[in-house]
Undergrad: 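Before we start, here is the structure in question, set down as structure tokens.
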Amino acid sequence: MYQGSRLNREFFTRDVLEVAPSLPGKLLCVSGSNSNVGRYMITEVEAYRGEEDEACHACRGRTTRNEIMYHTGGFIYMYFIYGMYWMLNIVAAEKGIPQAVLIRGIKGFNGPGKLTKHLNLDGSYYGEDICESGRIWVEDHGIKVDIAKGKRIGINYAGSYWRDIEWRYYVR
DNA sequence: TCAGTGATTAGG
DNA sequence: CTAATCACTGAG
């Protein structure tokens, strides 16, 4: 079976506006408890970019929850929302710059809450290094996809500039 | 449109 | 300690 190349530190330490649009078409790989590996094509992501971004969790500075966003790119930021759902994010940029990509959809399971539930991703993945981890990583299989972009979802509390900026990228 | 559901956060 | 909030989902 063809093994794609694993995305490395160099890939994730770029600015989130470079990392996010290059993720749709890549394969999210998760090692199950039975040691089988599931591979799922990423179909939709959103970029959250620094303390100035009013929709970013780091917009009010560093907290216990968003601490990992300040690490160098490639670490996983998981958080629990609405009492039910885990959200999967991958940290981007250099150390000290809080940026992350929210994985909103994979082929067959669109919706950030649905995909984490299906893949059994929870808080135990918080801080996992997606460049080195044995249970979650991302591969490039050379799949070419047509990327579209639009406004981010569910951030109506943010000011109009941040609410309307088109930082959601998805497979057309 | 709206409720479910509980961690996180700011503020006393 | 309290109360408000929330990068969602599914039902009506």
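Since this is a predicted model, take the numbers as computed values, not measurements. Because only heavy atoms are used, hydrogens play no part in the values below, and waters and symmetry mates are left out as well, while side chains stay in. Letters A, B, ... are given to chains in the order of the sequence lines, protein chains preceding strands, and every chain is numbered from 1.
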Undergrad: What pairs with A:Y79 under side-chain contact (heavy atoms from CB on, under 4.5 Å), at least two apart in sequence or on another chain?
TA: A:H57, A:R65, A:Y77, A:I81, A:M87, A:N89
Undergrad: Check the pair A:E94, A:T13 against side chain to side chain donor-acceptor pair (under 3.5 Å), reporting the backbone distance first and the verdict last.
TA: CA-CA 5 Å; A:E94 304 281 351; A:T13 48; 4.6 Å; no
Undergrad: Rounding to a whole Å, what distance do you find between A:Y85:OH and C:dG10:C1'?
TA: 7 Å
Undergrad: Between B:dT9, B:dG6, C:dA7, which nucleotide gets closest to the side-chain atoms of A:F80?
TA: B:dG6
Undergrad: So, is the end of the A:R62 side chain (NZ or CZ) under 6.0 Å from the ring centre of A:Y70 and within 45° of the ring's axis?
TA: yes
Undergrad: So what does A:M84 touch, heavy atoms closer than 4.0 Å: a base, only the sugar-phosphate, or nothing?
TA: base
Undergrad: Is A:K117 close enough to C:dC8 that one of its side-chain N or O atoms is under 4.0 Å from OP1 or OP2 there?
TA: no
Undergrad: Tell me the interatomic distance from A:N66, atom CG, to C:dT5, atom P, rounded to whole angstroms.
TA: 19 Å
Undergrad: Carefully, step by step, assess A:R163 and A:Y157 under the rule side-chain contact (heavy atoms from CB on, under 4.5 Å).
TA: CA-CA 8 Å; A:R163 193 169 60 231; A:Y157 57 87; over 6 Å; no
Undergrad: Checking contacts here: which listed nucleotide (C:dC8, B:dT9, C:dC6) is nearest the side-chain heavy atoms of A:Y157?
TA: C:dC6
Undergrad: Please give, in whole Å, the distance from B:dA7 P to A:M78 CE?
TA: 15 Å
Undergrad: Output the rounded distance in Å from CE (A:M69) to C1' (C:dA7).
TA: 10 Å
Undergrad: State whether A:R60 places a side-chain N or O below 4.0 Å from either non-bridging phosphate oxygen (OP1 or OP2) of B:dT8.
TA: no
Undergrad: Decide yes or no for A:K26 and A:L7: does some side-chain heavy atom of the first lie under 4.5 Å from some side-chain heavy atom of the second?
TA: yes
Undergrad: Let me know the distance between CZ of A:R65 and C1' of B:dG6, rounded to the nearest Å.
TA: 12 Å
Undergrad: Step by step, would you call A:F75 with A:I68 a side-chain contact (heavy atoms from CB on, under 4.5 Å)?
TA: CA-CA 7 Å; A:F75 287 83; A:I68 196 69; 3.9 Å; yes
Undergrad: Answer with base, sugar-phosphate or nothing: what part of the nucleic acid does A:I155 contact at a heavy-atom distance below 4.0 Å?
TA: sugar-phosphate
Undergrad: Within this structure, what is the CG-to-P distance between A:N156 and C:dC6, rounded to whole angstrom?
TA: 10 Å
Undergrad: Does A:R14 qualify as a cation-pi partner of A:F11, given the criterion of NZ or CZ under 6.0 Å from the six-membered ring centre and within 45 degrees of its axis?
TA: yes
Undergrad: Rounding to a whole Å, what distance do you find between A:Y126:OH and B:dA7:P?
TA: 16 Å
Undergrad: Can A:Y82 be called stacked on C:dC8 when the rule is centres closer than 5.5 Å and an angle between planes below 30°?
TA: yes
Undergrad: Counting Watson-Crick and G-U wobble pairs with both distances under 3.5 Å, what is the dot-bracket string for DNA chain B, 5' to 3', using [ ] for crossing pairs and | for pairs to another strand?
TA: ||||.||||||.
Undergrad: Do A:I76 and A:V91 have side chains that approach each other closer than 4.5 Å (heavy atoms only, starting at C-beta)?
TA: no
Undergrad: Decide, applying a 5.5 Å centre-distance limit and a 30° plane-angle limit (both strict), whether A:Y48 stacks on C:dA7.
TA: yes
Undergrad: Once you apply a heavy-atom cut-off of 4.0 Å, does A:R152 come out as touching a base, just sugar-phosphate, or nothing?
TA: nothing
Undergrad: Checking only heavy atoms, does the side chain of A:Y79 share a donor-acceptor pair with the base of B:dA7 at less than 3.5 Å?
TA: no
Undergrad: For A:G113, answer base if it contacts any base atom (sugar-phosphate contacts may also be present), sugar-phosphate if it contacts only those atoms, and nothing otherwise; contact means non-hydrogen atoms under 4.0 Å.
TA: sugar-phosphate
Undergrad: Can you measure A:N110 atom CG to C:dG10 atom C1' for me and round it to whole angstrom units?
TA: 16 Å
